[in-house]
Amino acid sequence: MAKQPHIIIFNPDEMRGDTLAHLGNPASITPNLDAFAAHEAVSFGQAYCQNPVCVPSRCSFFTGLYPHVRGHRTMSHLLRPGETSMLKELKEAGYYVWMNDRNDLTAGQIPGWTESHATEIYYSGQKKQGPGNVNPDQRGEPGNKYYYSHYEGQLKCNAEGKNYNGDDEVVDAAIERIHNRPADQPLCMFLGLIYPHTPYRVEEPYFSAIDRAKLPKRVHADDCTGKPLMESEIRKYAGMQDFTDADWDELRAVYLGMCMKIDVQFGKLVEALKEEGIYDDCAIFFLSDHGDFTGDFDLPEKAQNCFEDCLTRVPLLIKPPKNIPLDPGISNSMVELVDFYATAMDLAGVQPTHTHFGHSLRPVLADRSTKVRDYVFCEGGRQPGETHCDEYHRNSKNGKGAPTTTVYWPKMKAQSEDDAHAKGIMMRDERYKYISRTVGKDELYDLRADPQETTNRIDDESLAPVVVDMQRKMLKWLEATDDIVPFELDERFTPEMLWARVRGLVPPEKEAEVRKMIADGTPFPVLMGYCHSLK
């Protein structure tokens, strides 16, 4: 049997697909990931998540299932007993599964459930964290333009010139386990990081490193038509109309500075694998669960039922172990994060325990020109009346809704409105993006003519055939993915029911034998045939 590779999963949260320099962002500084993509991995420039927020996305890419299959389309519905994950499956296949306590995958209220997915969980908060903001009053009072912006700006550094955060602690803990790994088991390491998730804040040298003049053009809300109600509702409640282009650029630069720090942390982990002499034996995955507006459409952060590429297109880089053929560089093949599950299980040599919808990307690793999918999908939102699916009611204070003091209040308040939080499905090919909603206006974008998705052309009669074709294909996709059938077969009858059906055929002296056949799971037709032969 071939040696099983170590599986290393580096998963920053809320990192856009266009934050990597090698994918064309002139302001980004990501030298470790750029070199990784150029020489040692395949970087998928057209990788898309299955939901634009963390919990549904992770439930999807760790199972290979779409959010609608088992109801994982909200922040509050995670994997429960009876379901499984790649981590649990690899653990049961003999891997030493190490993960930190980021979770956002398994239901935390069930005793022992999360722990069953890992051999070891590193619980953070054991190291002293860095000092706070240079300007501790950046947010200001209600009504201030920064109040709901998520922007906190520059962080202080300690006497050593560092600002040690929770992600630094997780990376250091993972490196410690690499240096002291079990000798008789392959490693599976899941580093679920917090950043570059909001709040937007970072220390030097990252704070000043990003050249604000090189930032790509921002998408302004005033330049858009036909955009979803959710976006205008968040803008209304956020009250950021006084944010200038310079303010947005500062927020965007800090976000890219946070991505730059992620790149440094990734480089540090890779260096540890090389020091231990196991780098060549590793399958390394770098992926984010979803993206971020970071100023596009005059919005900070993300929204749970919006599907612009800045939210749904994510970085995905894969390095196979050295014995697997590799064609390093950028692949433009359209892929989904459900393909992560299929690929990791394939490289680990472990058979999935359930039906899934991912495609192993191993052929693309060998030949970057290999095409995987014609369409990618993403979904989110809720049905009218599903208040248990919105964050406003989930975070209710005395039954009166989420408190206005939380920085997330504008998004939560917008989610409380059925029309704004309408359930939607995005379908995207290389040219068009179609979004179907259960309530409100559908969307269609010609990405060739309008790559920034500013103009909704759903009412353009010249594109009606495109809409009809995509609707038909979306229906076929839903038909193909609307459920999964368990591999385990269930019996229609209990043992006593089976005995009742054959007892009239069985002589007393054969009762014990027949009951044993029933207990051993003898198929019913075989059982009946045998009992008839006893007459």
Side-chain angles (χ1 to χ4, degrees), residues 9-38 41 43-45 47-49 52-54 57 102 130 149-155 162-168 170-171 191-219 248-270 284-296 299-302 308-317 330 337:
I9 307 156
F10 199 93
N11 180 201
D13 188 356
E14 206 159 297
M15 191 169 182
R16 290 170 52 144
D18 61 359
T19 53
L20 304 178
H22 69 268
L23 293 180
N25 190 325
S28 294
I29 302 175
T30 51
N32 292 301
L33 288 163
D34 297 336
F36 187 64
S43 177
F44 291 85
Y48 294 84
C49 62
V53 295
C54 54
S57 178
R102 180 70 169 93
S149 71
H150 298 265
Y151 179 81
E152 295 186 7
Q154 185 179 353
L155 290 172
K162 306 289 184 182
N163 187 289
Y164 194 83
N165 65 23
D167 287 352
D168 291 316
V170 168
V171 172
L191 290 81
L193 305 187
I194 296 292
Y195 297 111
H197 195 288
T198 57
Y200 303 109
R201 58 184 184 183
V202 76
E203 71 275 17
E204 294 289 10
Y206 313 108
F207 180 79
S208 299
I210 305 302
D211 186 343
R212 278 64 170 166
K214 291 183 178 180
L215 290 167
K217 181 182 178 182
R218 185 173 67 87
V219 185
W248 283 117
D249 283 352
E250 200 61 25
L251 182 152
R252 298 162 72 204
V254 167
Y255 173 77
L256 289 181
M258 296 166 75
C259 294
M260 179 183 172
K261 181 169 182 176
I262 291 288
D263 178 81
V264 170
Q265 291 166 332
F266 176 74
K268 186 177 179 182
L269 184 77
V270 166
I284 301 177
F285 297 84
F286 181 99
L287 73 160
S288 185
D289 41 10
H290 57 83
D292 188 288
F293 279 121
T294 54
D296 281 332
L299 290 166
E301 228 239 334
K302 79 273 189 188
E308 287 85 1
D309 276 9
C310 60
L311 301 187
T312 59
R313 181 177 162 227
V314 295
L316 173 62
L317 294 87
I330 299 171
L337 287 195

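These values consider heavy atoms only, across backbone and side chains, with no hydrogens, waters or symmetry-generated copies. Fair warning: this is a prediction, and the values are worked out from it, not measured in the lab.
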Requested in this report: Would you please test V171 and F10 for side chain to side chain contact (heavy atoms under 4.5 Å, CB included) and show each step?
Outcome: CA-CA 9 Å; V171 172; F10 199 93; 4.3 Å; yes
Report task. Go through V264 and Y206 one step at a time and tell me if the side chain to side chain contact (heavy atoms under 4.5 Å, CB included) criterion holds. Result -> CA-CA 10 Å; V264 170; Y206 313 108; 3.9 Å; yes
Query raised in the report: V170 and L193: side chain to side chain contact (heavy atoms under 4.5 Å, CB included), yes or no, with the steps?
Result: CA-CA 8 Å; V170 168; L193 305 187; 3.9 Å; yes
Requested in this report: Decide side chain to side chain contact (heavy atoms under 4.5 Å, CB included) for F44 and L287; before the verdict, give the C-alpha distance in whole Å, the side-chain angles of both, and the deciding distance to 0.1 Å.
Outcome: CA-CA 10 Å; F44 291 85; L287 73 160; over 6 Å; no
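Here the closest heavy-atom approach between residue A21 and residue D34 is recorded as CB-OD2, 3.2 Å.
Residues K261 and E203 are paired through a salt bridge, judged by an N-O separation under 4.0 Å between the basic side chain and the carboxylate. A salt bridge is absent between D167 and R102; no separation between the charged side-chain nitrogens and carboxylate oxygens falls under 4.0 Å.
Taken to the nearest 0.5 Å, the NE2 atom of H290 stands 12.0 Å off from the SG atom of C310. Note that CZ of F36 and CG of D263 are 11.0 Å apart. Values are rounded to the nearest 0.5 Å. Between the CG atom of L155 and the CG atom of N163 there is a distance of 4.5 Å, given to the nearest 0.5 Å. Interatomic distance, C54 SG to I194 CD1, rounded to the nearest 0.5 Å: 9.0 Å. N32 CG to I262 CD1: the interatomic distance, rounded to the nearest 0.5 Å, is 12.0 Å. A distance of 4.0 Å separates CG of L317 from OG of S43, quoted to the nearest 0.5 Å.
Contact check for V314 versus D289: no side-chain heavy atoms found under the 4.5 Å cut-off. Looking at L20 and M15, their side chains come closer than 4.5 Å, going by heavy atoms from C-beta outward. By the 4.5 Å heavy-atom criterion applied to side chains, Y151 and T198 are not counted as neighbours. N11 is not listed as a side-chain neighbour of F286, based on a closest heavy-atom distance of 4.5 Å or more. Counting heavy atoms from C-beta outward, L23 and R313 have side chains that approach closer than 4.5 Å. In this structure, the side chains of Y48 and D309 come closer than 4.5 Å at one or more pairs of heavy atoms. For the pair Y195/P12, no side-chain contact is recorded, criterion being any heavy-atom separation below 4.5 Å from C-beta on. Side-chain contact check for H150 versus P300: some heavy-atom pair is nearer than 4.5 Å.
Geometric assessment of R212 against the ring of F207 yields a positive cation-pi assignment under the 6.0 Å and 45° thresholds.
In this model, no donor atom of one side chain and acceptor atom of the other lie less than 3.5 Å apart for N25 and D18. No side-chain donor-acceptor contact under 3.5 Å links Y255 and R201. Side-chain N/O atoms of D168 and Q265 include a donor and acceptor closer than 3.5 Å. Side chains of H22 and T30: no donor on one and acceptor on the other come within 3.5 Å.
Partner R16 forms a side chain to side chain contact (heavy atoms under 4.5 Å, CB included) with one of D292, L311, T312, L256 and no other, that one being D292.
Panel note: side chain D296, backbone R218; no donor-acceptor pair is recorded below 3.5 Å.
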